[in-house]
**Student:** 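Quick one: the structure is below, questions incoming.
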Amino acid sequence: MDFINIALAKGRLGDEAYKLLKAAGLGGSIDPDSRKLIFKDEEKKISFVYVKPSDVVTYVQNGVADLGVAGKDVILESDNDVYEILDLGFGKCRFAVAGVKGEKIYKKDEILRVATKYPRISKKYFDERGQKIRLIKLNGSVELAPLVGLSDVIVDLVETGKTLKANGLEVIEDMFEVSAKLICNRVSYRFKFDRINDLIKCLEEMEVQYCEDN
Ligand SMILES: Nc1ncnc2c1ncn2[C@@H]1O[C@H](COP(=O)(O)OP(=O)(O)OP(=O)(O)O)[C@@H](O)[C@H]1O
Ligand SMILES: O=P(O)(O)OC[C@H]1O[C@H](OP(=O)(O)OP(=O)(O)O)[C@H](O)[C@@H]1O
């Protein structure tokens, strides 16, 4: 029997994915406290690799991993083509445009400066609304940008709103919701269909939902 390879994100999504897999009887080979990056379950023929959250889609797209757990944010930000099979019900947050109170985001004939970890998503969002923007790509601590005059607004994930509040920012416009998805390589889905389906059946017992937007 072939191994099914699953890419998990290091950090918060990986921690949640581990809990889900464990509860579904699939994550027994993972030691969440170890710094190891590969865990193999020889009996169940499942192996897990731990990668950066933004790299999960790349591993799945290239077929190195058959399946992966990735946030909808990183799926949309990458231009990779993978199946979204299940909404896993965790990693829930939303995209928002945020800035200091009263900041205007639709400025006719003016360019809006947008700082973000998500340039692709931001560009598409403002293109669709006819607002010209200048993108400032950051890798974290995005909330700092409007405070120091690097940008007018940010596009970022908001969960509790605590980070925005702590930095004197607020949501100016809600964009859309984000959560963690089980994604699948398109070739694996055809050639390892039975094994992937068995695995999905184990997860069905948990609070997961099928995705329909493939
Ligand atoms: N505040 C949040 N609440 C819930 N889910 C979140 C939140 N922030 C991020 N996420 C989800 O968790 C995923 C991973 O976030 P995490 O903070 O662990 O990594 P990261 O800092 O974005 O990764 P990297 O190290 O690649 O920059 C995100 O892609 C998103 O789907
Ligand atoms: O609304 P909240 O509950 O405060 O959560 C939102 C924060 O969580 C994420 O950051 P993360 O913790 O991943 O740090 P980062 O700046 O490295 O992206 C996101 O980029 C926000 O900064």
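In each ligand, atom 1 is the first atom listed, and ligand 1 is the first ligand listed.
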**Student:** Inspect the contact between K36 and D31 and indicate whether a charged nitrogen and a carboxylate oxygen are less than 4.0 angstrom apart.
**Tutor:**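 Looking at D31 and K36, the cut-off is not met.
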
**Student:** What do the steps show when you test R195 against D66 for side-chain contact (heavy atoms from CB on, under 4.5 Å), and what is the final call?
**Tutor:** CA-CA 11 Å; R195 291 231 47 214; D66 303 299; over 6 Å; no

**Student:** List every atom of ligand 2 that sits less than 4.0 Å from any heavy atom of E143, numbering the atoms from 1 in the order shown and giving each element.
**Tutor:**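 So the atoms of ligand 2 that pass are 21 (C), 22 (O).
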
**Student:** Compute the centroid of each ring, for F95 and then for Y125, and state whether the two points are separated by less than 6.0 Å.
**Tutor:**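 Ring centroids of F95 and Y125 are no less than 6.0 Å from each other.
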
**Student:** How far is atom 16 (P) of ligand 1 from its nearest protein heavy atom, and which residue and atom name does that atom have?
**Tutor:**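 Result for atom 16 (P) of ligand 1: R12 NE, 3.7 Å.
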
**Student:** If you take the nearest heavy atom of each of E159, K10, K117, K52, which one is closest to atom 3 (N) of ligand 1?
**Tutor:**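 Going through E159, K10, K117, K52 one by one, E159 has the nearest heavy atom to atom 3 (N) of ligand 1.
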
**Student:** Looking at atom 16 (O) of ligand 2, what's its closest protein heavy atom, distance included?
**Tutor:**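 Residue, atom and distance for the closest contact: S141 N, 3.0 Å.
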
**Student:** Among all protein heavy atoms, pick the one closest to atom 31 (O) of ligand 1 and tell me residue, atom and distance.
**Tutor:**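 The answer is D73 OD1, 2.6 Å.
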
**Student:** Regarding ligand 2, does G161 bring an N or O atom to under 3.5 Å of one of the ligand's N or O atoms?
**Tutor:**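 Yes.
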
**Student:** Are the side chain of D87 and the backbone N or O of C211 linked by a donor-acceptor pair below 3.5 Å?
**Tutor:**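 It does not hold such a pair.
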
**Student:** Considering all heavy atoms of both residues, which atom of V60 and which atom of N185 are nearest to each other, and what is their separation?
**Tutor:**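 So the two residues come closest at O-ND2, 2.8 Å.
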
**Student:** Can you pull out the closest protein heavy atom to atom 17 (O) of ligand 2? Residue, atom name and distance to 0.1 Å, please.
**Tutor:**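 For atom 17 (O) of ligand 2, the nearest protein heavy atom comes out as G140 CA, 4.2 Å.
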
**Student:** Nearest to atom 5 (N) of ligand 1, what protein heavy atom do you find, and at what distance?
**Tutor:**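 Nearest protein contact, heavy atoms only, for atom 5 (N) of ligand 1 is C93 SG, 3.5 Å.
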
**Student:** Does N139, backbone or side chain, put an N or O under 3.5 Å from an N or O of ligand 2?
**Tutor:**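 N/O-N/O distance below 3.5 Å does not exist for this pair.
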
**Student:** Name the closest protein heavy atom to atom 23 (O) of ligand 1, giving the residue it belongs to and the distance to 0.1 Å.
**Tutor:**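 The closest one turns out to be P53 CG, 3.5 Å.
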
**Student:** May I ask you to identify the nearest protein heavy atom to atom 12 (O) of ligand 2, giving residue, atom name and distance to one decimal place in Å?
**Tutor:**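 So the nearest neighbour among protein heavy atoms is R12 NH2, 2.8 Å.
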
**Student:** What do you think, any protein heavy atom under 4.0 angstrom from atom 14 (O) of ligand 2?
**Tutor:**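 No, there is no protein heavy atom closer to it than 4.0 Å.
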
**Student:** Taking the side chain as C-beta and beyond, is there a heavy-atom pair between V171 and L164 under 4.5 Å?
**Tutor:**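 When only atoms from C-beta onward are counted, L164 and V171 do touch, with a gap below 4.5 Å.
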
**Student:** So which heavy atom in the protein is nearest atom 4 (O) of ligand 2, and how far is it from that ligand atom?
**Tutor:**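 Looking at atom 4 (O) of ligand 2, the protein heavy atom closest to it is T163 OG1, 2.4 Å.
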
**Student:** Nearest protein heavy atom to atom 6 (C) of ligand 2, by residue and atom, and its distance?
**Tutor:**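 Minimum-distance protein heavy atom for atom 6 (C) of ligand 2 reads L157 O, 3.4 Å.
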
**Student:** Where is the nearest protein heavy atom to atom 3 (O) of ligand 2: which residue, which atom, and how far?
**Tutor:**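 Nearest neighbour among protein heavy atoms for atom 3 (O) of ligand 2, to 0.1 Å: T160 OG1, 2.5 Å.
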
**Student:** Other residues, nucleotides and ligands only: do more than 12 of their heavy atoms fall within 6.0 Å of NZ on K107?
**Tutor:**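 Enclosed: over 12 neighbouring heavy atoms sit under 6.0 Å from NZ of K107.
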
**Student:** Are side-chain heavy atoms of L76 and F176 found at a separation under 4.5 Å?
**Tutor:**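 Side-chain contact under 4.5 Å: yes.
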
**Student:** When you measure from atom 12 (O) of ligand 1 to every protein heavy atom, which one gives the shortest distance, and what is it?
**Tutor:**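 Nearest protein contact, heavy atoms only, for atom 12 (O) of ligand 1 is L13 CG, 3.4 Å.
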
**Student:** For ligand 2, note which part of V158 has a heavy atom under 4.0 Å away: side chain, backbone, both or neither.
**Tutor:**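 It is both backbone and side chain that touch ligand 2.
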
**Student:** Could you identify the single nearest non-hydrogen protein atom to atom 5 (O) of ligand 2 and state the distance to 0.1 Å?
**Tutor:**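 Of every protein heavy atom, E159 N, 3.7 Å lies nearest to atom 5 (O) of ligand 2.
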
**Student:** Could you tell me if any non-hydrogen atom of G140 lies under 4.0 Å from any atom of ligand 1?
**Tutor:**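 No heavy atom of G140 comes that close to ligand 1.
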
**Student:** Test K201 against E204 for salt bridge (charged side-chain N to carboxylate O under 4.0 Å, His left out), laying out the working first.
**Tutor:** CA-CA 5 Å; K201 285 207 185 95; E204 266 176 358; over 6 Å; no

**Student:** Who's the nearest protein heavy-atom neighbour of atom 20 (O) of ligand 2, and how far?
**Tutor:**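 Among all protein heavy atoms, the one nearest atom 20 (O) of ligand 2 is D156 OD2, 2.8 Å.
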
**Student:** Check this for me, if you would: do E84 and K72 make a salt bridge, where the nitrogen-to-carboxylate-oxygen distance has to be below 4.0 angstrom?
**Tutor:**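 A salt bridge links E84 with K72.
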
